[in-house]
Amino acid sequence: MAWRNPEPKKSYDVVIIGGGGHGLATAYYLAKNHGIRNVAVLEKSWIGGGNTGRNTTIIRSNYLLDANAHFYEWSLKLWHGLSQEINYNVMFSPRGVLNLAHTESQRDQYFQRGNRMLLNGIDAEWMTRQEIARHVPHLDCSDSPRFPILGGLLQRRGGTARHDAVAWGYARAASALGVDVIQNCEVQGLLQHNNRVVTLQTTRGPIGAGKVGIAVAGHTGKVAAMVNLKLPIESHVLQAFVSEPLKPILDTVVTYGAGHCYVSQSDKGEMVMGGDLDFHPSYAQKGNLPILQEAVSAALQMFPMLSRVRMLRHWGGIMDMTLDGSPIISKTPIDNLYLNGGWCYGGFKATPASGWVFAHTIAHDAPHDLNRAHGLERFETGRVLDDKGAGPTAHWH
Ligand SMILES: Cc1cc2nc3c(=O)[nH]c(=O)nc-3n(C[C@H](O)[C@H](O)[C@H](O)COP(=O)(O)OP(=O)(O)OC[C@H]3O[C@@H](n4cnc5c(N)ncnc54)[C@H](O)[C@@H]3O)c2cc1C
């Protein structure tokens, strides 16, 4: 085993609920950055079996609003050194992320986003249709598609990584620093005393905790309900699809702007694709055909040469969607309970920075500068982080 397989102790200084990338990264940085090593990560099934192991692994920091831009840029910087930091090859591949624009208003929006990125010290490039045709030769850059490509916003330092390796790497590095990674341990209840969580009721017995962090993504609402905390989060299914393996044809990540589809090619050669959420709340962790059809038709508008490629498999994960589309990394009204969630469909790229700032928030009982704007109170004060410009309309995120 790459990490120890300990029996749970009676109590810990900090217990993190959820052994996805975020929970494991938090435990690692608690030990590494803050010297807090009496820590457990409790995972109800196997580590990385949630969204961490189900996502399309796109990593980028092309955000509009300063608070998100600085947070995700710090994450991208951590990705660039992550394999060395945790001594585990997470196969980070800065192959670039290209967002295609198909209308003039979309082009203007991308100009605005690109300029904001440059002002924040983040790399951004506008590519013309001709440059895109050279950069991604298999894209249909002609006038034939229903929505011809006008150009695109490229972030070269973005890319992809191997999702499982991120969970395994953080688990091994955290375990080596003394963190107990405990699998098959579901938290079923949180017992409180004097506005503090004192005991976690788990399938492996009661476990005491000085501080508790929630990092359970799509199950955030369920765990928060254990302490009667109502959150501005809805859980929705997001699906991904992979084709049969092909020879190398695509060495970047491309997103379709006239619909919702993103495509990259895995190291095994599979075309990896994703699309929209299922727009009804659900905890069904599985795929279905209507969204697949929608995403694939968008992929074919971009890459008609994929039309005879066979689909290999598809699956779903449960997204924790916030009302403004930005994450919550925060203290809660319960004194020693901290919340990491609301990652919507973009939390994989946040993993290193999320762990970094959540560990800080737990260790200091106060937010880090990078997550000061991501507190729960923003939904009361109205200072929401609406990066997409969709307002408090969950179904547009
Ligand atoms: C199809 C798909 C595509 C995506 N594509 C991208 C992408 O390209 N780029 C990107 O940045 N993000 C993407 N995401 C989002 C990203 O995967 C998530 O935001 C991120 O992985 C969340 O990580 P996490 O550690 O918070 O959650 P998870 O990895 O889901 O970990 C949470 C863990 O908590 C455990 N848990 C739940 N309840 C309990 C309990 N009661 N007790 C103990 N354990 C519990 C779960 O079993 C799970 O392992 C995508 C997601 C999906 C599903």
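For this chain, numbers begin at 1 and follow the sequence in order. Worth knowing before you read on, the calculation uses all heavy atoms, side chains too, and leaves out hydrogens, waters and symmetry mates. One-based numbering, in listed order, for ligands and for the atoms of each.
The pair Arg204-Glu7 meets the salt-bridge criterion, with a side-chain N (NZ, NE, NH1 or NH2) lying under 4.0 Å from an Asp/Glu carboxylate O. Electrostatic pairing of Lys286 and Asp278 does not count as a salt bridge here, judged by no charged N lying under 4.0 Å from a carboxylate O. Salt-bridge check for Asp180 with Arg37: failed, with every basic side-chain N at 4.0 Å or more from each acidic carboxylate O. Salt bridge Glu244/Arg313: absent, no basic N to carboxylate O contact under 4.0 Å. The existence of a salt bridge linking Asp324 and Arg378 is confirmed by a sub-4.0 Å separation between a basic side-chain nitrogen and an acidic carboxylate oxygen.
Under a 4.0 Å heavy-atom criterion, Gly274 is not in contact with ligand 1.
Considering backbone and side-chain N/O of Glu43, one or more are found under 3.5 Å from N/O of ligand 1. Between Leu238 and ligand 1, no pair of N/O atoms sits closer than 3.5 Å. Residue Gly316 has no nitrogen or oxygen atom sitting less than 3.5 Å from a nitrogen or oxygen atom of ligand 1, judged on distance alone. Residue Gly317 has no nitrogen or oxygen atom sitting less than 3.5 Å from a nitrogen or oxygen atom of ligand 1, judged on distance alone.
Of all protein heavy atoms, the one lying nearest to atom 34 (O) of ligand 1 is Gly18 CA, 3.3 Å. When only non-hydrogen protein atoms are considered, atom 50 (C) of ligand 1 lies nearest to Asn55 CB, 3.1 Å. Of the protein's heavy atoms, Asn51 N, 2.8 Å lies nearest to atom 30 (O) of ligand 1. Ranking the protein heavy atoms by distance from atom 27 (O) of ligand 1 puts Ala217 CB, 3.2 Å first. Among all non-hydrogen protein atoms, the one lying nearest atom 8 (O) of ligand 1 is Thr56 OG1, 2.7 Å. For atom 36 (N) of ligand 1, the nearest protein heavy atom (residue, atom name, distance) is Val216 CG1, 3.7 Å. For atom 9 (N) of ligand 1, the closest non-hydrogen atom of the protein is Ile58 O, 2.9 Å. Scanning the protein heavy atoms around atom 14 (N) of ligand 1, the nearest turns out to be Tyr345 O, 3.3 Å.
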Run the numbers on Arg113 and Asp108 for salt bridge (Lys or Arg N to Asp or Glu O under 4.0 Å), then give the verdict. CA-CA 9 Å; Arg113 184 173 290 261; Asp108 291 350; over 6 Å; no
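Ring geometry for His34 versus His360: interplanar angle over 60°, hence perpendicular rather than tilted (30 to 60°). Between His374 and Phe71, the angle of the ring planes lies from 30° to 60°, which puts this pair in the tilted group.
In this structure, of Trp343, Tyr170, Trp315, Phe348, the residue bringing a heavy atom nearest to atom 10 (C) of ligand 1 is Phe348. By heavy-atom distance, the residue among Thr160, Val187, Leu277, Thr52 lying nearest atom 41 (N) of ligand 1 is Val187. When His219, Arg54, His163, Gln183 are ranked by how near their heavy atoms come to atom 38 (N) of ligand 1, first place goes to His219. Of the listed options Ala215, Gly23, Gly50, Ala161, Ala215 places a heavy atom closest to atom 32 (C) of ligand 1. Among His22, His314, Met226, Met319, the residue whose heavy atom sits closest to atom 26 (O) of ligand 1 is His22.
Taking every heavy atom of Gly20 and a limit of under 4.0 angstrom, the matching atoms of ligand 1 come to 25 (O), 29 (O), 31 (O), 33 (C). Ligand 1 places these atoms under 4.0 Å from at least one heavy atom of Ser45: 47 (O). Near Ala240, with a cut-off below 4.0 Å to any heavy atom, the atoms of ligand 1 are 1 (C). Annotation for ligand 1: atoms under 4.0 Å from non-hydrogen atoms of Gly346 are 10 (C), 11 (O), 12 (N), 15 (C).
With hydrophobic clusters built from ILVMFWY side chains whose heavy atoms lie under 4.5 angstrom apart, Leu153 does not share a cluster with Ile58. Side-chain heavy atoms closer than 4.5 Å link hydrophobic residues (I, L, V, M, F, W, Y) into clusters, and following such links, possibly through other members, connects Ile59 to Leu78.
When heavy-atom distances to ligand 1 are checked against a 4.0 Å cut-off, Cys185 comes that close only through its backbone atoms N, CA, C and O. At a heavy-atom distance under 4.0 Å, only backbone atoms of Thr57 (N, CA, C or O) approach ligand 1. With a heavy-atom cut-off of 4.0 Å, Leu42 touches ligand 1 through its backbone alone.
In this model, a donor atom of one side chain and an acceptor atom of the other lie less than 3.5 Å apart for Tyr29 and Tyr170.
For the salt bridge (charged side-chain N to carboxylate O under 4.0 Å, His left out) with Glu73, the lone residue among Arg116, Lys349, Arg157 that qualifies is Arg157.
Of all heavy-atom pairs between Gly218 and Asn51, the closest is N-ND2, 4.3 Å. The shortest heavy-atom contact between Gly210 and Asn336 is O-ND2, 3.0 Å.
Geometric assessment of Lys222 against the ring of Tyr283 yields a positive cation-pi assignment under the 6.0 Å and 45° thresholds.
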